Chemist: 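Handing you a structure now.
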Amino acid sequence: METSRILIVDDNPEIREIVRILLEGEGFDTEEAGDGQTALKLTREISFDLIILDIMIPGINGYQTCIEIRKNSNAPILFLSARTKDSDKTLGFSSGGDDFLAKPFSYNELINRAKALIRRYQVYRGKDASDPDISTFASSADRSKEPLLFHHLTINEAQEEVVSDGSPLILTDTEYAMLLLLVKHRRQIFSAQRLYESVWNEPYYRGANNTVMVHIRNLRLKIEKDPKNPTLIKTVWGKGYRCD
């Protein structure tokens, strides 16, 4: 199996070293960057399976770096930061991040989050369809050959492409997985916990509800004709979300 490669972006060399040792101890290959510009250069030259990104880095900050990375890469981005306010997390997810881990962090939690993000990223690209942790909706072996038609959207699972009225949409893996799950289970109500555990493939935790809400909002901005009055992904107040 091909070794996963992770980019560690942090201006503190000691933190980079700690994270690198932890990840390489788990068998991952790593690259390091101390600022946003270096990170952008590396992401253009190398294909990564995960990017661990600090917010407060020299030059362009982590949010801006994330936005720029998203123009060229759909690799999962894990924000690792001492900034832990809800507004910081919301900005991180709005910039295109997939997950958020606060400093100081638990070594085990970092490893578990990294593995979960990489596993999802590889599954959605068909790299590891034999993984026993793969949920049935995301398995490449179960992908339909026929496109899924949903209102003005066409979802081509083989290419992992979503087209809106003939124009391809740029979705992160998390957004794509969330949309695919809801569309394949139309009229079923998914609570925030069920969505999180199905898409992130890890146990629900306090604060994950906000993560789900931000990703739903970002997804609506991309697929809804009027995001303020969504018709594709509906909120069922007090219960969760569904596609009709």
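Values below: all heavy atoms of this structure, side chains included; hydrogens, waters and symmetry mates excluded. All values derive from a computational prediction rather than experimental measurement. Position 1 is the first residue of the sequence; numbering continues from there.
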Chemist: Please say whether more than 12 non-hydrogen atoms of neighbouring residues, nucleotides or ligands are located less than 6.0 Å from CD1 in Ile170.
Modeler: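 Counting other residues, nucleotides and ligands, CD1 of Ile170 stays at 12 neighbours or fewer.
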
Chemist: Under the criterion side-chain contact (heavy atoms from CB on, under 4.5 Å), I'd like the reasoning laid out for Val163 against Leu169: C-alpha separation, chi angles, the key distance, then a yes or no.
Modeler: CA-CA 6 Å; Val163 178; Leu169 300 177; over 6 Å; no

Chemist: Grab the two heavy atoms, one from Val9 and one from Ala39, that are nearest each other, plus how far apart they are.
Modeler: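 Heavy atoms of Val9 and Ala39 come nearest at CG2-CB, 3.7 Å.
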
Chemist: Taking only residues two or more places apart in sequence, or in another chain, which ones meet Tyr196 in a side-chain hydrogen bond (donor to acceptor under 3.5 Å, both in side chains)?
Modeler: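 Per chain and number, Tyr196 pairs via side-chain hydrogen bond (donor to acceptor under 3.5 Å, both in side chains) with Glu202.
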
Chemist: Output yes when Lys103 and Asp10 qualify as a salt bridge under the 4.0 Å nitrogen-oxygen rule, no when they do not.
Modeler: yes

Chemist: With rounding to the nearest 0.5 angstrom, report the OH to CE distance, Tyr63 to Met56.
Modeler: 8.5 Å

Chemist: Does the pair Asp173 and Glu175 meet the rule for a side-chain contact (heavy atoms from CB on, under 4.5 Å), with working shown?
Modeler: CA-CA 5 Å; Asp173 283 329; Glu175 292 164 353; over 6 Å; no

Chemist: Side-chain contact test, heavy atoms from C-beta onward, threshold under 4.5 Å: evaluate it for Val183 versus Ile155 and give yes or no.
Modeler: yes

Chemist: At their closest point, which heavy atom of Gln188 faces which heavy atom of Arg194, and how far apart are they?
Modeler: OE1-NH2, 3.2 Å

Chemist: Could you check whether any side-chain heavy atom of Ile60 comes within less than 4.5 Å of a side-chain heavy atom of Leu40, counting everything from C-beta outward?
Modeler: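 In contact.
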
Chemist: Parallel, tilted or perpendicular for Phe100 and Phe93, by the 30°/60° rule?
Modeler: perpendicular

Chemist: Output the distance between atom CG (Asp35) and atom OG1 (Thr38), rounded to the nearest 0.5 Å.
Modeler: 3.5 Å

Chemist: Do Arg220 and Thr235 have a side chain donor and acceptor closer than 3.5 Å?
Modeler: yes

Chemist: Can you measure from CD1 (Ile51) to OG1 (Thr65) and round to the nearest 0.5 angstrom?
Modeler: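 One finds 10.0 Å between CD1 of Ile51 and OG1 of Thr65.
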
Chemist: Please tell me if the side chains of Trp200 and Leu195 come closer than 4.5 Å, counting only heavy atoms from C-beta onward.
Modeler: no

Chemist: Could you pull out the closest heavy-atom pair between Thr154 and Pro147, with the gap in Å?
Modeler: CG2-CB, 3.7 Å

Chemist: Show the numbers, then the answer: is there a side-chain contact (heavy atoms from CB on, under 4.5 Å) between Ile52 and Ile6?
Modeler: CA-CA 7 Å; Ile52 298 177; Ile6 300 174; 4.0 Å; yes

Chemist: Phe79 versus Cys66: any side-chain heavy-atom pair under 4.5 Å?
Modeler: yes

Chemist: Taking the basic N atoms (NZ, or NE/NH1/NH2) and the acidic carboxylate oxygens, is any pair closer than 4.0 Å for Arg44 and Glu68?
Modeler: no

Chemist: Do any N or O atoms from the side chain of Glu224 and from the backbone of Thr231 form a donor-acceptor pair under 3.5 angstrom?
Modeler: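 Answer holds: yes.
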
Chemist: With no hydrogens and no angle check, do the side chains of Asp98 and Thr174 hold a donor and an acceptor under 3.5 Å apart?
Modeler: yes

Chemist: Would you say Asp49 and Arg119 make side-chain contact, with heavy atoms under 4.5 Å?
Modeler: no

Chemist: Below 4.5 Å, heavy atoms only, C-beta onward: do Leu153 and Phe150 meet side chain to side chain?
Modeler: yes

Chemist: Listed by chain and number, what are the side-chain hydrogen bond (donor to acceptor under 3.5 Å, both in side chains) partners of Glu109, not counting sequence neighbours?
Modeler: Arg113

Chemist: Please check: side-chain N/O of Asn61 versus main-chain N/O of Gln64, any donor-acceptor pairing under 3.5 Å?
Modeler: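 Between the backbone of Gln64 and the side chain of Asn61 there is a qualifying donor-acceptor contact (under 3.5 Å).
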
Chemist: Apply salt bridge (Lys or Arg N to Asp or Glu O under 4.0 Å) to residues Arg186 and Asp244 and explain how you reach the verdict.
Modeler: CA-CA 5 Å; Arg186 297 182 197 183; Asp244 289 331; over 6 Å; no

Chemist: Please assess Arg217 against Ser94 for the test side-chain hydrogen bond (donor to acceptor under 3.5 Å, both in side chains), listing each intermediate value before the final yes or no.
Modeler: CA-CA 9 Å; Arg217 186 190 66 183; Ser94 299; 2.5 Å; yes

Chemist: Determine whether Leu219 and Tyr176 satisfy the following criterion, side-chain contact (heavy atoms from CB on, under 4.5 Å), listing intermediate values before the conclusion.
Modeler: CA-CA 8 Å; Leu219 183 55; Tyr176 173 82; over 6 Å; no

Chemist: Taking C-beta and beyond as the side chain, do Arg5 and Ile46 meet within less than 4.5 Å on heavy atoms?
Modeler: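 With C-beta onward as the side chain, the pair touches.
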
Chemist: Can a side-chain donor-acceptor contact be found between Thr30 and Arg16 if the only test is distance below 3.5 angstrom?
Modeler: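 There is no such pair between these side chains.
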
Chemist: Can you find a heavy atom in the side chain of Leu50 that is under 4.5 Å from one in the side chain of Leu7?
Modeler: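 No, side chains not in contact.
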
